[in-house]
Amino acid sequence: DSNSRNDHIKIYTTVCSPQHCFAPMKPGGPLHNCLKLRGTFIPATIFNKFTNALSHLRLIYLTLCLVVDVYTRRESFDVLILDVLPTPLLLAAFLLPNLPRA
């Protein structure tokens with residue numbers, strides 16, 4: 001069963017649209033249950049402005065959610081991949097001092 005093999009995988013993201021994601025992430029896909037959507041309440045724009053600032057804000061919120069899960073739910077990981085913007089990297093490195101380093 002592919003879901004039992006993925007029990008240890010957690011994918012934190014701010015958006016996952018079935019029309020715009022990889023097949024394994026789509027509903028019914030083997031990684032769909034691994035998704036943790038956070039920050040979806042933060043808009044992409046405000047009056048067609050502030051796109052960059054809001055993207056950073058969503059990623060900061062996403063990183064804080066991950067940090068809370070690490071400390072309150074005892075989530076752990078061997079690999080952490082941060083994609084797109086570098087904003088969460090410094091925040092995660094500061095708030096998660098035991099973060100594995102490459």
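What you see is a predicted model; the values in this text were computed from it and never measured.
- At a threshold of 4.5 Å between non-hydrogen side-chain atoms, the residues Leu64 and Leu95 count as touching.
- Under the rule for a side chain to side chain contact (heavy atoms under 4.5 Å, CB included), the partners of Pro24 that lie at least two apart in sequence or sit in another chain are Phe22, Pro30, Leu31.
- Between Met25 and Leu35, the closest side-chain pair of non-hydrogen atoms falls below 4.5 Å.
- The shortest heavy-atom contact between Ala44 and Arg58 is CA-NH1, 3.5 Å.
- Taking SG from Cys34 and NZ from Lys10, the interatomic distance works out to 7.0 Å, rounded to the nearest 0.5 Å.
- Cluster membership for Leu62 and Val68, using ILVMFWY side-chain heavy atoms within less than 4.5 angstrom, is not shared.
- When the side chains of ILVMFWY residues are joined at heavy-atom separations under 4.5 Å, either directly or via intervening members, Val70 and Phe94 end up in a single hydrophobic cluster.
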As a quick check of understanding, evaluate side chain to side chain contact (heavy atoms under 4.5 Å, CB included) for Thr87 and Thr63, giving each step before the final call. CA-CA 9 Å; Thr87 307; Thr63 304; over 6 Å; no

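- Partners of Thr14 according to the side-chain hydrogen bond (donor to acceptor under 3.5 Å, both in side chains) rule, which considers only residues two or more places apart in sequence or in another chain, do not exist here.
- The ring-ring contact (aromatic ring centres under 6.0 Å, His included) test applied to Phe41 returns Tyr61, not counting sequence neighbours.
- With hydrophobic clusters built from ILVMFWY side chains whose heavy atoms lie under 4.5 angstrom apart, Leu66 shares a cluster with Leu89.
- Here side-chain hydrogen bond (donor to acceptor under 3.5 Å, both in side chains) pairs that include residues 19-29, with residues two or more places apart or in two chains, are Ser17-Gln19.
- Formation of a donor-acceptor pair under 3.5 Å by the Thr45 side chain with backbone atoms of Phe47 is not found in this model.
- For Arg73, the salt bridge (Lys or Arg N to Asp or Glu O under 4.0 Å) test picks out Asp69, with sequence neighbours left out.
- Scored by the side chain to side chain contact (heavy atoms under 4.5 Å, CB included) test, Thr40 finds Leu37 as partners (sequence neighbours excluded).
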What do the steps show when you test Val67 against Tyr71 for side chain to side chain contact (heavy atoms under 4.5 Å, CB included), and what is the final call? CA-CA 6 Å; Val67 169; Tyr71 286 111; 3.7 Å; yes

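- Connection of Ile60 to Leu90 is not established within any shared hydrophobic cluster, with ILVMFWY side chains joined at heavy-atom distances below 4.5 Å, either directly or through further cluster members.
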